[in-house]
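First up is the structure itself, then whatever we jot down about it.
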Amino acid sequence: MAGHGAEEHPHGADRLCAAGDRVYSRAVRRGRVPRRDAEPVPCLLELALLHPDPDDMDWLVPTSPQEVMIRLLRGVYDEVSASQRRVGSAVEAFEWYAGLGGRTAPPAGTEGTAIRVLDGLARIQAAMDEATQVCTTEVLTVQPGGIRREAELSEGLHRALALRGRGVRMRDLYTHVARHGQGLLNYLELMGDAVEARTLDEVVDRLILFDRTVAFIPANSDRTMALELRHPALVAYLGTVFERLWRLAIPLTAPLPDTGIEGISHREQSIAALLAEGHQDAVIAERLGISVRTARAHIARLSETLGAASRTQLGVRIAQAGLDGSRHTVASPVIRPGRGSPTAR
């Protein structure tokens with residue numbers, strides 16, 4: 001039956017077939033459905049959306065939509081994490097090969113700037129100004145860190161205004177912490193409909209992508225050097241990474257989902273998951289865009305709320321509460337398909 005179901009229903013839990021959607025929806029509304037109702041849609045059992053009722057094997061009960069969503073999001077998160085590692089490997093490989101050919105001029109008629117190292121802020125700004133001038137469609141950006149400083153926002157404001165004037169669409173990804181910065185809110189109000197912003201618990205390192213043709217990423221930790229990427233395959237890959245993060249992100253105009261656990265905020269839930277993975281305070285702070293001091297204050301509140309007297313006990317309490325990522329309470333299910341830039345700054 002498993003093979004038959006895979007052929008008849010080649011989809012995942014995030015895009016159910018019409019028949020599967022009807023049966024699963026009925027099961028969620030009523031709490032269970034007769035086993036015979038699920039016979040035409042074996043995909044629901046194969047995807048673990050329905051399972052036998054232990055009290056009556058002739059009936060099937062649904063897996064909660066919240067649990068299904070967490071399962072899907074963890075899969076996407078794993079894919080994105082793998083994508084980040086592959087991007088790093090690809091950049092290293094291209095730098096190595098570019099270095100091998102640095103002493104000889106490229107053959108006539110070939111592109112010799114698939115990857116260009118920009119050394120110094122002046123060169124970086126000039127290259128992004130040039131990319132802004134020829135951009136006609138969209139700018140995608142990922143902005144890690146926490147609250148955006150006014151100076152950072154003002155630095156690329158002239159580029160953003162020029163893009164808005166030409167009708168270029170801009171999409172920005174930030175960490176959830178950035179929601180608390182008045183400077184960012186002022187910037188978005190100034191830009192109006194030209195910019196759409198979403199936030200995540202954590203994002204990849206800074207990325208600015210113009211028209212899916214040229215991308216800029218940091219080349220060192222203090223961001224005084226950058227890579228200008230024009231290789232079509234690599235730029236397309238970065239665009240795919242952005243789109244996957246964008247689908248996971250929450251619009252800035254929407255509230256963060258409630259954790260479902262009294263006394264624990266969304267940020268503390270994220271910190272708990274990172275603690276469960278074994279990360280140190282400084283790493284947690286960097287990934288979430290907060291200071292180490294703030295991270296430790298949240299950890300202290302977690303310990304108090306969960307009644308933990310030590311870090312070891314806190315880890316046990318986090319697992320017991322399902323805050324380690326194994327069981328989260330999420331605001332809305334992902335069963336039906338949905339709809340879902342500093343710009344160079």
Side-chain angles (χ1 to χ4, degrees), residues 76-102 106-107 109-121 123-145 155-156 159-160 162-164 166-174 194-198 200 202-221 223-249 340-345:
V76 175
Y77 178 81
D78 290 342
E79 289 179 14
V80 171
S81 297
S83 296
Q84 292 177 237
R85 291 190 293 270
R86 289 178 62 192
V87 168
S89 298
V91 170
E92 289 179 5
F94 275 112
E95 283 188 288
W96 166 253
Y97 290 121
L100 292 178
T110 62
E111 178 59 68
T113 56
I115 296 182
R116 186 163 62 125
V117 179
L118 305 173
D119 190 354
L121 296 179
R123 289 194 65 194
I124 295 171
Q125 297 298 331
M128 288 197 294
D129 283 341
E130 180 181 347
T132 299
Q133 290 171 7
V134 298
C135 182
T136 60
T137 306
E138 67 173 358
V139 175
L140 311 176
T141 76
V142 178
Q143 298 294 341
E155 180 182 287
R159 285 189 287 271
L163 291 164
R164 185 189 68 173
R166 297 201 301 275
V168 174
R169 181 190 183 197
M170 292 170 271
R171 287 188 286 159
D172 295 347
L173 277 172
Y174 302 93
V195 175
E196 184 180 359
R198 295 187 181 185
L200 284 163
E202 52 182 308
V203 296
V204 296
D205 208 342
R206 182 159 295 163
L207 165 68
I208 303 172
L209 201 158
F210 294 87
D211 280 347
R212 311 287 177 120
T213 59
V214 56
F216 297 89
I217 62 174
N220 60 354
S221 58
R223 295 176 179 155
T224 58
M225 296 177 65
L227 295 182
E228 179 185 293
L229 308 174
R230 292 183 179 273
H231 191 285
L234 187 53
V235 172
Y237 184 82
L238 292 173
T240 299
V241 171
F242 179 92
E243 293 295 351
R244 292 192 179 183
L245 290 172
W246 184 258
R247 286 195 295 271
L248 289 173
S341 28
T343 340
R345 53 179 182 271

Quiz item: Among all residues two or more places apart in sequence or in another chain, which pass the salt bridge (Lys or Arg N to Asp or Glu O under 4.0 Å) test with E130?
Solution: none

Quiz item: Do you know which two heavy atoms are closest between A197 and Y174, and how far apart they sit?
Solution: CB-CE1, 4.0 Å

Quiz prompt | Derivation of the side chain to side chain contact (heavy atoms under 4.5 Å, CB included) call for T213 and V235 | solution = CA-CA 6 Å; T213 59; V235 172; 5.6 Å; no

Quiz item: Is there side-chain contact between L140 and L207, with at least one heavy-atom pair below 4.5 Å?
Solution: no

Quiz item: R247: what forms a salt bridge (Lys or Arg N to Asp or Glu O under 4.0 Å) with it, not counting sequence neighbours?
Solution: none

Self-check item: Where A215 and L238 come nearest, the two heavy atoms and their spacing
Solution: CB-CD1, 3.9 Å

Quiz item: At what distance, to the nearest 0.5 angstrom, does CZ of R223 lie from CG of D205?
Solution: 5.0 Å

Quiz item: Does the side chain of R169 come within less than 4.5 Å of E196's, by heavy atoms?
Solution: yes

Quiz item: To the nearest 0.5 Å, what is the distance between OG1 (T136) and CZ (R166)?
Solution: 8.0 Å

Quiz item: If you look at every heavy atom in M128 and F210, which pair is closest and at what distance?
Solution: O-CZ, 4.2 Å

Self-check item: Shortest non-hydrogen contact between F216 and A131, atoms and distance
Solution: CE1-CB, 3.9 Å

Quiz prompt | Non-neighbouring partners of R116 that pass side-chain contact (heavy atoms from CB on, under 4.5 Å), sequence neighbours left out | solution = L118, R123, A127, E228

Exercise. Check whether any side-chain heavy atom of L173 sits under 4.5 Å from a side-chain heavy atom of F242, and report yes or no.
Key: yes

Self-check item: Under the side-chain contact (heavy atoms from CB on, under 4.5 Å) test, residues paired with T224 that sit two or more places apart
Solution: N220, D222

Self-check item: Spacing of L209 atom CG and E138 atom CD [to the nearest 0.5 Å]
Solution: 7.5 Å

Quiz item: Who passes salt bridge (Lys or Arg N to Asp or Glu O under 4.0 Å) against D211, sequence neighbours left out?
Solution: none

Exercise. With sequence neighbours excluded, tell me which residues meet side-chain hydrogen bond (donor to acceptor under 3.5 Å, both in side chains) with T137.
Key: none

Quiz prompt | Min side-chain heavy-atom separation R164-V195 under 4.5 Å | solution = no

Self-check item: Close side-chain approach of V117 to L227, heavy-atom, < 4.5 Å
Solution: yes

Quiz prompt | Atom pair SG/CZ of C135 and R159 - distance to nearest 0.5 Å | solution = 12.0 Å

Quiz item: Do you know which two heavy atoms are closest between A249 and R198, and how far apart they sit?
Solution: CB-CB, 3.5 Å

